[in-house]
Amino acid sequence: QVQLVESGGGLVQAGGSLRLSCEASGRTFSTSAMGWFRQVPGKEREFVSAISPSGVNTRYADSVKGRFTISRDNAKNTVVLQMNSLKPEDTAVYYCAVRNAAVLFTFPSQYHYWGQGTQVTVSS
């Protein structure tokens, strides 16, 4: 059974940093693209970042480019999202996701497994 568990969310002041981590279990994910999405109440889940199986290729939403960095450790089945220069508009529940394929996509429907989410709150 595939399971994704996020950690690292919390409350931070604007300009601060948080590091989100997602640990995957149930099978190896070394051939799977992994991503982060976020959602606020009343809005659709939106793409934040994704990373290829090797970690060489990454994609970012324009809103986080230059502030967030995604990385992965295939030996530990983990993906990390380092978030710097946080803004109040980054406040959301952040979800880790995995695709059963290597190609990066930005649509939630293209991802097959999801974590339970972790709350990130940025105060002004």
Side-chain angles (χ1 to χ4, degrees):
Q1 181 179 356
V2 174
Q3 189 173 14
L4 304 178
V5 179
E6 301 102 334
S7 61
L11 173 64
V12 65
Q13 288 188 334
S17 299
L18 283 174
R19 180 181 173 91
L20 304 184
S21 182
C22 173
E23 183 174 355
S25 61
R27 67 169 174 87
T28 182
F29 294 94
S30 60
T31 60
S32 301
M34 302 182 79
W36 288 94
F37 292 76
R38 65 188 182 187
Q39 189 170 22
V40 297
K43 292 190 176 182
E44 293 186 352
R45 192 166 296 187
E46 67 171 5
F47 171 77
V48 175
S49 182
I51 188 166
S52 64
S54 66
V56 171
N57 296 313
T58 58
R59 293 186 69 176
Y60 296 93
D62 288 342
S63 59
V64 306
K65 204 170 292 183
R67 301 187 297 121
F68 291 10
T69 303
I70 191 171
S71 61
R72 65 188 293 166
D73 184 339
N74 287 336
K76 297 181 179 179
N77 265 358
T78 58
V79 60
V80 171
L81 186 69
Q82 177 66 44
M83 306 186 296
N84 298 328
S85 302
L86 283 161
K87 304 175 181 180
E89 50 264 43
D90 294 319
T91 295
V93 177
Y94 283 70
Y95 296 90
C96 171
V98 174
R99 295 195 70 227
N100 280 333
V103 178
L104 303 184
F105 274 95
T106 62
F107 299 105
S109 60
Q110 296 292 337
Y111 287 76
H112 303 90
Y113 304 104
W114 292 87
Q116 82 289 349
T118 185
Q119 177 70 46
V120 171
T121 303
V122 184
S123 62
S124 57

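Fair warning: this is a prediction, and the values are worked out from it, not measured in the lab.
The shortest heavy-atom contact between S124 and P88 is CB-CG, 3.8 Å.
When side chains are defined from C-beta on, S32 does not count as touching Y113, because their heavy atoms never get closer than 4.5 Å. The closest side-chain heavy-atom distance from Q110 to R99 is below 4.5 Å. At least one side-chain heavy atom of T69 sits under 4.5 Å from a side-chain heavy atom of Y60. Residues I70 and W36 meet the side-chain proximity criterion, which asks for heavy atoms closer than 4.5 Å. Contact check for F29 versus T31: no side-chain heavy atoms found under the 4.5 Å cut-off. Side chains of V2 and R27 form a contact here, defined as non-hydrogen atoms less than 4.5 Å apart.
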(request) Go through the steps to decide whether T118 and V93 satisfy the test side-chain contact (heavy atoms from CB on, under 4.5 Å), and finish with yes or no. (result) CA-CA 5 Å; T118 185; V93 177; 6.0 Å; no
(request) Applying ring-ring contact (aromatic ring centres under 6.0 Å, His included), run through W114 and F37 and close with a yes or a no. (result) CA-CA 10 Å; W114 292 87; F37 292 76; 5.1 Å; yes
(message) One pair to check against side-chain contact (heavy atoms from CB on, under 4.5 Å): Y94 and V48. What are the steps and the verdict?
(response) CA-CA 9 Å; Y94 283 70; V48 175; 4.2 Å; yes
(message) Working note: S63 + R38, criterion side-chain contact (heavy atoms from CB on, under 4.5 Å); need CA distance, chi angles, decisive distance, verdict.
(response) CA-CA 12 Å; S63 59; R38 65 188 182 187; 3.4 Å; yes
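Counting heavy atoms of neighbouring residues, nucleotides and ligands inside a 6.0 Å radius, atom NZ of K65 exceeds 12 of them. Atom CD of Q39 has more than 12 neighbouring heavy atoms from other residues, nucleotides or ligands inside a 6.0 Å radius.
Here the side chain of Y111 pairs a donor or acceptor atom with the backbone of F105 at under 3.5 angstrom.
Here the straight-line distance linking atom CZ of R72 with atom SG of C22 works out to 10.0 Å at 0.5 Å rounding. Atom CE of M34 and atom OG1 of T78 lie 7.5 Å apart (nearest 0.5 Å). S54 OG to N74 CG: the interatomic distance, rounded to the nearest 0.5 Å, is 8.5 Å. Distance OG1/T91 to CD/E89: 8.5 Å, rounded to 0.5 Å.
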Per-pair distances, 0.1 Å, donor-acceptor, side chain in residues 5-20, under 3.5 Å, sequence neighbours excluded:
| residue | atom | partner | partner atom | Å |
| --- | --- | --- | --- | --- |
| E6 | OE1 | Q116 | N | 3.1 |
| E6 | OE1 | Q116 | NE2 | 3.3 |
| E6 | OE1 | G117 | N | 2.9 |
| E6 | OE2 | C96 | N | 2.8 |
| E6 | OE2 | G117 | N | 3.3 |
| S17 | OG | N84 | OD1 | 2.9 |

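Relative to the ring axis of Y95, R45 places its NZ or CZ within 45° and under 6.0 Å from the centre.
When only modelled atom types and interatomic distance are considered, R59 and N57 share no side-chain donor-acceptor pair under 3.5 Å.
Residues V79 and V64 are members of one and the same hydrophobic cluster, defined by side-chain heavy-atom contacts under 4.5 angstrom among Ile, Leu, Val, Met, Phe, Trp and Tyr. In this structure, F47 is a member of the same hydrophobic cluster as V103, with clusters built from ILVMFWY side-chain heavy atoms closer than 4.5 Å.
Electrostatic pairing of K87 and D90 does not count as a salt bridge here, judged by no charged N lying under 4.0 Å from a carboxylate O.
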